[in-house]
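Below is one structure, written out as structure tokens, with a few remarks after it.
This chain uses plain numbering: 1 for the first residue, then up along the sequence.
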Amino acid sequence: YEPRLCFSCRTSSAAMATIAFGDAYTLGEGQFSLIQLPLDLFKKVQDDPTVTFRMKGRENEEAVLVTENQTFVVRRGETSNTQMLFECSIESLIGLSDVGDGTCRAVGNIMNHMELVPASARLHELPGLLARRPYDGPDLDAEFEMEGAVETRLNRSEIEGMVQASGKEIDVELDRLGALDIFGSMCTMGQRYESNLMTNIFSAAVINTWDLSSISLEQCLADKDVATYPKVIVSTFLAKYAAPYLTLGGGAAAEPSGAEGGAVSMEVDGAAA
């Protein structure tokens, strides 16, 4: 959906406007729908008319509209009070502007309207999309490539097109799930592969008496068993299971930096262990 700034309004009794019906005007065909935007989205369109929002939805799914960081459910409401649509400024329409010849050209009729309702991102399909072909180590992955795997992985763009959520919401969930980018395609670690890595890290922590409240990537890679895993795999594992730091006020502070070499606090529940 590429927005265009068009306005529909009533003039005051004191204001006069000359209305012309151009070639683009077709009465009764209802080729336009009016979308009621939240104020912050309207300001974005007003500041940058080239901004683009995306409508998402497949058959039997409720349509959503997504911005770069928000998801909205699209609700449609019928109206018997059709309104003319003018492609001009409000000032021109109500006669407060001296620009032009004072004629306002009607381009269509609004036959229905839609409203946007803030909604939670619909991310329930994401784990399944990432698990189409899990990552089970470089050797097995190369073997699959040579033999031609039945299930192919999806790239980031394909995933975004299939999930009813904004790009930012998808990125946050990808991080939470410990998603990997393998040569441009997204997946998660295989369950057994990830379980073995967890065993090696906790075994190293016990043997070396590491403080679980402060484990670094360098510490893990210094262990011979953990070092057999690619660095990006260990880094992703630490980021996935790191406990969030808390501020004095109880809110979440900056994300832990274990993936970049800093220390993280490990918090793994019994089922995961």
Side-chain angles (χ1 to χ4, degrees), residues 1-7 32-77 113-132 153-189 232 235-247 249-260 262 264-265 267:
Y1 168 69
E2 295 183 356
R4 299 168 62 193
L5 279 181
C6 300
F7 299 93
F32 289 101
S33 293
L34 182 67
I35 297 184
Q36 182 177 345
L37 297 178
L39 185 58
D40 58 333
L41 293 190
F42 176 74
K43 288 181 177 178
K44 286 183 180 180
V45 176
Q46 198 170 34
D47 294 339
D48 180 12
T50 65
V51 69
T52 300
F53 304 137
R54 297 185 64 187
M55 290 276 198
K56 293 185 178 183
R58 297 191 292 264
E59 189 176 358
N60 300 322
E61 285 184 339
E62 194 172 27
V64 300
L65 181 143
V66 299
T67 66
E68 70 275 7
N69 60 358
Q70 289 177 286
T71 301
F72 298 88
V73 172
V74 181
R75 299 275 169 80
R76 183 174 177 175
H113 70 274
M114 292 180 284
E115 63 179 0
L116 303 182
V117 180
S120 299
R122 299 177 176 184
L123 299 161
H124 58 277
E125 290 187 357
L126 190 53
L129 295 176
L130 294 173
R132 285 162 59 102
R153 294 173 180 144
L154 302 173
N155 60 39
R156 174 65 178 74
S157 178
E158 289 170 330
I159 287 177
E160 184 166 349
M162 299 174 71
V163 176
Q164 290 187 308
S166 69
K168 185 173 182 180
E169 290 167 327
I170 291 174
D171 285 337
V172 170
E173 185 66 3
L174 287 173
D175 289 340
R176 191 188 72 81
L177 294 172
L180 301 167
D181 186 333
I182 306 296
F183 300 114
S185 298
M186 307 300 296
C187 64
T188 46
M189 297 181 215
V232 66
S235 173
T236 301
F237 176 89
L238 292 178
K240 177 180 178 180
Y241 289 107
Y245 288 176
L246 298 177
T247 63
E255 295 181 0
S257 56
E260 301 299 328
V264 299
S265 174
E267 186 175 272

What residues form a side-chain hydrogen bond (donor to acceptor under 3.5 Å, both in side chains) with K44, not counting sequence neighbours?
E68

Among all residues two or more places apart in sequence or in another chain, which pass the side-chain hydrogen bond (donor to acceptor under 3.5 Å, both in side chains) test with Q36?
none

Stepwise side chain to side chain contact (heavy atoms under 4.5 Å, CB included) check, R156 with L174
CA-CA 10 Å; R156 174 65 178 74; L174 287 173; 3.9 Å; yes

Using modelled atom types and a 3.5 Å cut-off, is there a donor and acceptor pairing between side-chain atoms of K56 and backbone atoms of G161?
no

Polar side chain donor-acceptor pair, D48 to T50, under 3.5 angstrom:
yes

Pair S166, E169: side-chain N/O donor-acceptor within cut-off below 3.5 Å:
yes

Is there a side-chain contact between R54 and L65 in this structure, where contact means two heavy atoms from C-beta onward sitting under 4.5 Å apart?
no

Measure the shortest side-chain to side-chain distance between T188 and P127 over non-hydrogen atoms and say whether it is less than 4.5 angstrom.
no

Using a strict threshold of under 4.0 Å (side-chain N to carboxylate O), is an ion pair present between D175 and K240?
no

Locate the shortest heavy-atom distance separating [X] from [Y]; write the atom from each residue and the value.
X    : Y    : result
P49  : Q46  : CD-O, 4.3 Å
E160 : I170 : CA-CD1, 3.7 Å
E158 : R153 : OE1-O, 4.3 Å

Under 3.5 Å, side-chain donor or acceptor atoms of residues 117-125 against the rest of the protein: list the pairs with distances, not counting sequence neighbours.
{"unit_1": "R122", "atom_1": "NH2", "unit_2": "E62", "atom_2": "OE1", "d": "3.1"}
{"unit_1": "E125", "atom_1": "OE1", "unit_2": "R58", "atom_2": "NH2", "d": "3.1"}
{"unit_1": "E125", "atom_1": "OE2", "unit_2": "R58", "atom_2": "NH2", "d": "3.0"}

